[in-house]
Amino acid sequence: MTKQDNKDSSNATGKGRGRPRKFDQEKLLDGAQQLFHSQGYDNVGIAQLTADLGIKPPSLYAAYGSKLGLFTEVVSRYSAREGQFIGQAAESSASVKQGLRDILAAAADIYSRNETITGCMVLEGAHRTHEEGARAICLAKRAATEEYIAEFVAREYPAQSRDVASMTMIALAGLSAGARTGLSAKALQKFANLSADGLIALCDNGSKK
């Protein structure tokens, strides 16, 4: 992490400084998300961000406080948009078992849909990012997702909810990593189906105890 990247890192959000924004925030966040997702937090510096996004460093610092502040905003936005498929699959399913299958099937599709930006930005950031603050943000989002899945599974299989949620996150991480390494959508869907079979068996084993 450079000194420039670390500037004002104690104020991660960097909001409320009273300076008017002279840029399209949505467009900037779209561009920043593409950079962080495709290259990883560690590999994207302030110089590249400001050059690629067409913004001056003082304007970025005034709006977000630091590179970490911008990343925080991007991750929250990514989770609320791209990450919605987990909640949507769970809530639209007729059962927990079907919900688990739908979650993994959706992940296999979404993680491989864009050939240039593959995998899950949050899951990849949780284990590929070395900067402590950025990694902590991704780990927190990962933990929140696991907690949501555990609560979903507990509706029908409370005794196995934690184990099933943990295994689901491992499956999601595997799908993300597979997409990042270029596995085909067909291969990812096959893995998703096999993983779902295992999760369903885990649910059944727990219900028999």
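FYI, side chains are in, hydrogens and waters are out, and symmetry mates aren't considered; it's all heavy atoms of this structure.
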(request) Run the salt-bridge test on D197 and K97 with the 4.0 Å N-O cut-off and return the result as yes or no. (result) no
(message) Can you confirm whether N114 sits close enough to T118 that some side-chain heavy atom of one is under 4.5 Å from a side-chain heavy atom of the other?
(response) no
(request) Any chance you could measure L199, atom CG, to T168, atom OG1, to the nearest 0.5 Å? (result) 4.0 Å
(request) Take N193 and Q189 through the side chain to side chain donor-acceptor pair (under 3.5 Å) test and state the conclusion after the steps. (result) CA-CA 6 Å; N193 287 331; Q189 286 294 347; 5.2 Å; no
(message) Can you tell me how far apart NZ (K190) and OG (S184) are? Round to the nearest 0.5 Å.
(response) 10.0 Å
(request) Check whether any side-chain heavy atom of L35 lies under 4.5 Å from a side-chain heavy atom of N43, and answer yes or no. (result) no
(request) Determine, for R128 against D42, whether the closest basic-nitrogen to carboxylate-oxygen distance falls under 4.0 angstrom. (result) no
(message) I'd like to know if I170 and V153 are part of one continuous hydrophobic network [Ile/Leu/Val/Met/Phe/Trp/Tyr, side-chain heavy atoms within less than 4.5 Å].
(response) yes
(message) Counting C-beta onward and ignoring hydrogens, is there a side-chain heavy-atom pair between L68 and I137 closer than 4.5 Å?
(response) yes
(message) Pairing donors with acceptors under 3.5 angstrom, does anything connect the side chains of Q33 and E82?
(response) yes
(request) Measure across S161 and A150 and return the closest heavy-atom pair with its distance rounded to 0.1 Å. (result) CB-O, 3.3 Å
(request) Output the distance between atom CD1 (I200) and atom OH (Y157), rounded to the nearest 0.5 Å. (result) 8.5 Å
(message) Nearest 0.5 Å, please: how far is OG1 in T145 from CG in L123?
(response) 7.5 Å
(message) With heavy-atom distances below 4.5 Å as the criterion, would you say the side chains of Y78 and K141 are in contact?
(response) no
(message) I'd like to check F36 versus V75 (side-chain heavy atoms, cut-off strictly below 4.5 Å). Are they in contact?
(response) no
(message) Regarding E147 and R142, does a basic nitrogen lie under 4.0 Å from an acidic carboxylate oxygen?
(response) no
(message) Does atom CD (E26) have a neighbourhood of more than 12 heavy atoms from anything else shown, all under 6.0 Å?
(response) yes
(message) Pairing donors with acceptors under 3.5 angstrom, does anything connect the side chains of Q34 and D30?
(response) no
(message) So that I can tick it off, tell me whether R135 and E124 are bridged by a salt bridge, with the cut-off set at under 4.0 angstrom between side-chain N and carboxylate O.
(response) no
(request) Flag the pair Y41 / K67 as yes when at least one side-chain heavy-atom distance between them is below 4.5 Å, and no otherwise. (result) yes
(message) Are the side chains of F152 and V96 in contact, using a 4.5 Å heavy-atom criterion?
(response) yes
(message) Within the 4.5 Å heavy-atom criterion, are R101 and S93 side-chain neighbours or not?
(response) no
(message) Let me confirm one number: the CG-CD1 distance from L175 to I110, rounded to the nearest 0.5 Å.
(response) 11.0 Å
(message) Could you check whether atom CD of E91 has more than 12 heavy atoms from other residues, nucleotides or ligands sitting under 6.0 Å from it?
(response) yes
